[in-house]
Participant: 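Sending over a structure as structure tokens; questions will come in a sec.
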Amino acid sequence: MQNYLQELNDVQRQAVTTTEGPVLVVAGPGSGKTRVLTFRIAYLIEQGVLPWQILSLTFTNKSAREMKERIAKVVGDKANQVWAGTFHSTFAKILRVEAEKIGYPSNFTIYDTTDTKSLIKTIIKDLNLNPEKYNVNAVYSRISSAKSNLITPKLYPDMQELMTADKASQRPHIHEIYKTYTARCKKAGAMDFDDLLFQLYYLFHSNPDNVLEKYRKKFQYILVDEFQDTNYLQYAILKKLALYEGSKLNVCAVGDDAQSIYAFRGATVENILDLEKDFKGLQTFKLEQNYRSTDHIVQAANATILFNKKQIRKKIWSDKGVGHKIKVIKALSDTEEGKRVADAIVEQKNRHHLSNSDIAILYRTNAQSRVFEEYLRRYNIHYQVFGGTSFYQRKEVKDLIAYLRLTVNQKDEEALKRVINYPKRGIGKTTLEKLSKFANESDQTLWDCLDQLQVPARTQGLLKNFKLLINTFTQRSTTSDAYELATYIARQSGIIKVLKADTTVEGLSRLENVTSLLDGIKEFVENDEVIEGTEQSDKSLSTYLQNIALHTSLDEEDTGNYVTLMSSHSAKGLEFKSVFVVGLEETLFPSFMSMNSMSAIEEERRLFYVSITRAEELLTLTFASSRYRHGKTVYSEPSRFLSEIPLDHVESNFNIGQPTTSNVAPRARVTGGFKKKRTEAVLSINPADFNPSPSSSIEEGMRVLHLKFGEGEVIKIDGARDKRVATINFNQIDNPERRLMLKFAKLQIL
DNA sequence: TGACTGTGGGTTTTT
DNA sequence: CCCACAGTCA
């Protein structure tokens, strides 16, 4: 009994056994936070808390599943009845039950990013706005962030700040798009990703039939993992559930501000600070001992994160020994980088007896995976790529899914548009346009208009046939299970026939994908998992569709012995004996998108911190001086993050190696330390004699001094205020003409 | 209506 | 580089 408590250190144990009242666990990388969460839940159950009174919100469904498995080892089957999942999936589950209270059907569709963007695009067109000004991505991100900050379409026009910003970006009509978008989603019985949170908040806020009390009573204990990555809306929901008159405030948040990497989608570290203000009596536990990595890695991480101004100071330490120093590899091109990494993997496997699954390659963008895949394949090393275009985003898979969606929810506009003429049945663009127009004007769904449209008799027949086809599917759904139905649909819709007709290699693989989608549905039907808190299982097609809509690349089953390839973001929470962080170049990692904002750079640095702390024993950092990007070769400097690592933790005589291609420029001589290579021209200016002038005083024509580049003349200044960029000719260095952001550049007027 | 071709544009991370 | 879209012709 309770043996497991002895496996914990003092702080961890306190974090587990302090079950009553609000708790914040600040957990550095590798500090055993999953352990604390798991044991805490197990402990709660042992103390007599009913499993379904525990709500545990994790980052991926997979980690929720793994957690349940580990809890089961302590308390047995009860573990399955804990409510554990991601914010989105858990809330979707609640909404399935309660949707009708807020005017949505319980079989509502979940619009993915593609659906959302497609709808926004349609609306921009419908409202006669200029699609060049109204960039879909920009509009989407405005709408998404409005929702994440609880700004309804009604409220939006009153938000001076938002309206001014929209005007400034020449998109003053965003609020109208937002309004129409919301209405269209509702009409289609669809929620986008943000709605799963937003509508749940709205449900709790408007509180029909006292539904809020029901869930407050139900969830007596709430745990939130990766709290630093929650947004304003998620925190607002948490407060709805746990912060009220008479609440026991049994909330446990686990997080690490240094690992916050989702600010770009609205996550805010402020939630950690607010927690203290909102939940009186909050007890904080800091887990600082790292059980994962050896000391060089831990110290490198500590040193790097110090470059961030915004942070809760905390020092991670490890007693796993100093371990190996960090290895840095310079490559001349992305291809060479691929080869060098593959070579290093072969070497490590031999020298350190690693198996494939001990190794991970982490990159900033998914597009970088290709070169590594090529070399690993060539070397016959098994690998698995996570993320990127997922299986469920493939065209043929989405097509079949669209039929399934339409069968479940006939109002689903995006699904209907996708399949109305696939496979080809003679309903073309013109007809679809007429249909949309008619639907908009008569305020009906596309589906309802199918048999009302005034078109030539032939077309009318086609439309009716299509409606009839889907209706047969829907009728069948009451009698057959999801698998039978999907198989039937795949055949009757003609999808299988079309795919079989294509005998090319790609065609074959498309057919295979559809088959494995069907297999997946079969598996879903045969799986005997039960719904949390009940003895029943839910095999409905609509539950299946929900699962795949919220499926993340990390939920993928990792069976077998593979080298892991994934983005740094996806690697959060994982660990490997050996980690390669690749593509460490300015404009790639840190991404060029982050380059003009300090806070964005700090987020990139946290991402770098997350990346390197995934490594237990071996850490290799690589960069390439040239890289093929968007069809062009681009050259870039090594990432600033490399130079932020103290040299004592880096292999001093790292081998630069020989270029792998024959006709590349001869490499500069190896000078050992890393720092020297980074600074292109080392000028002997004593920093003590250097007095930078305020950036606002820099004007064209002045002679200025720069610590690294020496003396130069300001040729030109463009941009205004804090966006001023100076073109300066530094005649003491090789590549004399430089463009510097005056906001950041330290220059002394001479 | 549908197949085909050329142009042009964007260019991160994810639920 | 790759994808989406507009324009052309049968």
Side-chain angles (χ1 to χ4, degrees), chain A residues 57-62 85-92 110-118 121 125 131-132 135-138 140-141 144 147-148 191-198 226 229-231 233-234 260-267 334 362-371 386-390 392-393 395 420-434 455-456 458-459 462 546-555 566-572 583 587-595 600 603-604 606-608 610-611 627-634:
Chain A
L57 298 166
T58 52
F59 204 68
T60 63
N61 294 306
K62 186 177 161 212
T86 64
F87 274 91
H88 288 86
S89 66
T90 309
F91 294 172
I110 297 172
Y111 274 177
D112 68 12
T113 313
T114 319
D115 299 317
T116 300
K117 285 186 184 169
S118 146
K121 204 178 275 177
K125 217 182 271 169
E132 277 169 22
N135 171 288
V136 181
N137 290 315
Y140 178 31
S141 107
S144 169
K147 277 190 204 168
S148 306
M191 297 198 196
D192 65 16
F193 289 135
D194 299 309
D195 280 328
L196 296 176
L197 311 179
F198 186 84
E226 309 286 7
D229 286 324
T230 54
N231 64 26
L233 174 53
Q234 289 166 324
S260 144
I261 54 176
Y262 284 103
F264 75 91
R265 73 171 200 219
D334 48 352
L362 309 181
Y363 34 74
R364 179 66 239 273
T365 65
N366 287 307
Q368 283 165 260
S369 73
R370 260 190 41 196
V371 209
F386 293 83
T389 3
S390 92
Y392 298 105
Q393 280 167 21
K395 187 193 170 296
I420 192 166
N421 199 32
Y422 179 84
K424 304 254 179 295
R425 47 175 75 89
I427 305 173
K429 218 164 60 185
T430 325
T431 311
L432 191 56
E433 251 160 43
K434 274 186 207 155
V455 280
R458 198 186 80 93
T459 317
L462 294 170
Q546 171 186 306
N547 287 352
I548 59 172
L550 301 176
H551 171 100
T552 72
S553 68
L554 289 167
D555 294 328
M566 58 168 58
S567 71
S568 292
H569 281 89
S570 304
K572 181 163 78 159
T587 72
L588 184 58
F589 197 172
S591 146
F592 74 97
M593 293 295 286
S594 70
M595 303 284 262
E603 174 145 312
E604 297 282 313
R606 291 192 296 269
L607 185 59
F608 181 65
V610 168
S611 311
R627 176 177 297 279
Y628 213 56
R629 276 219 265 178
H630 314 296
K632 278 198 263 310
T633 306
V634 295

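Since the structure is predicted, the reported quantities are computational estimates derived from the model, not experimental observations. The sequence lines fix the lettering, A, B, ..., with proteins before strands; numbering per chain opens at 1.
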Participant: Should A:K572 be listed as having a side-chain N or O under 4.0 Å from OP1 or OP2 of B:dT14?
Facilitator: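 It does not, given that no N or O in the side chain of A:K572 lies less than 4.0 Å from OP1 or OP2 of B:dT14.
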Participant: Phosphate oxygens OP1/OP2 of B:dT14: is one of them under 4.0 Å from a side-chain N or O of A:N366?
Facilitator: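 The answer is yes; a side-chain N or O of A:N366 sits under 4.0 Å from OP1 or OP2.
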Participant: With a 4.0 Å cutoff (strictly under), does any side-chain N or O of A:R364 reach OP1 or OP2 of B:dT14?
Facilitator: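 Checking B:dT14 against A:R364, no side-chain N or O comes under 4.0 Å of OP1 or OP2.
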Participant: Given atom CD of A:Q368 and atom P of C:dC1, what is their separation to the nearest angstrom?
Facilitator: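 Rounded to the whole Å, the gap is 18 Å.
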Participant: So what does A:K424 touch, heavy atoms closer than 4.0 Å: a base, only the sugar-phosphate, or nothing?
Facilitator: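 Answer is sugar-phosphate: A:K424 comes under 4.0 Å of backbone atoms only.
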Participant: Base, sugar-phosphate alone, or nothing: which one does A:T431 contact when heavy atoms must sit under 4.0 Å apart?
Facilitator: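 Sugar-phosphate only.
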Participant: Compare the aromatic ring of A:Y628 with the six-membered base ring of C:dC1 and state whether they stack according to the 5.5 Å and 30° rule.
Facilitator: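 No, A:Y628 does not stack on the base of C:dC1.
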Participant: Tell me which nucleotide among B:dT15, B:dT13, B:dT12 gets nearest to the side chain of A:T113.
Facilitator: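 Among the listed nucleotides, the one closest to the side chain of A:T113 is B:dT15.
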Participant: Looking for any heavy atom pair under 4.0 Å, which part of the strands does A:Y262 touch: base, sugar-phosphate only, or nothing?
Facilitator: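 Sugar-phosphate: the residue A:Y262, judged by heavy atoms under 4.0 Å, touches backbone atoms but no base.
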Participant: Say you pick atom C1' in B:dT12 and the same atom in C:dC5; how far apart are they, in whole Å?
Facilitator: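 Their C1' atoms lie roughly 24 Å apart.
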Participant: How long is the line joining NE2 of A:H569 and P of B:dT12, in whole Å?
Facilitator: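 Interatomic distance, NE2 of A:H569 to P of B:dT12: 13 Å.
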Participant: Give A:K117 one of three labels, base, sugar-phosphate or nothing, depending on what nucleic acid heavy atoms sit under 4.0 Å from its own.
Facilitator: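 The residue A:K117 makes no contact with any strand.
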Participant: Reckon A:S591 touches a base, only the sugar-phosphate, or nothing at all at heavy-atom distances under 4.0 Å?
Facilitator: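 Base, at least one base atom sits under 4.0 Å.
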Participant: Write down the distance between OH (A:Y140) and P (B:dT14), rounded to a whole number of angstrom.
Facilitator: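 In whole Å, B:dT14 P lies 13 Å from A:Y140 OH.
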Participant: With a non-hydrogen cut-off below 4.0 angstrom, is A:N421 in contact with a base, only sugar-phosphate, or nothing?
Facilitator: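 Result for A:N421 = sugar-phosphate.
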Participant: Could you tell me whether A:R606 contacts a base, only the sugar-phosphate backbone, or nothing, with contacts defined as non-hydrogen atoms closer than 4.0 Å?
Facilitator: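 Counting heavy atoms under 4.0 Å across all strands, no contact is made by A:R606.
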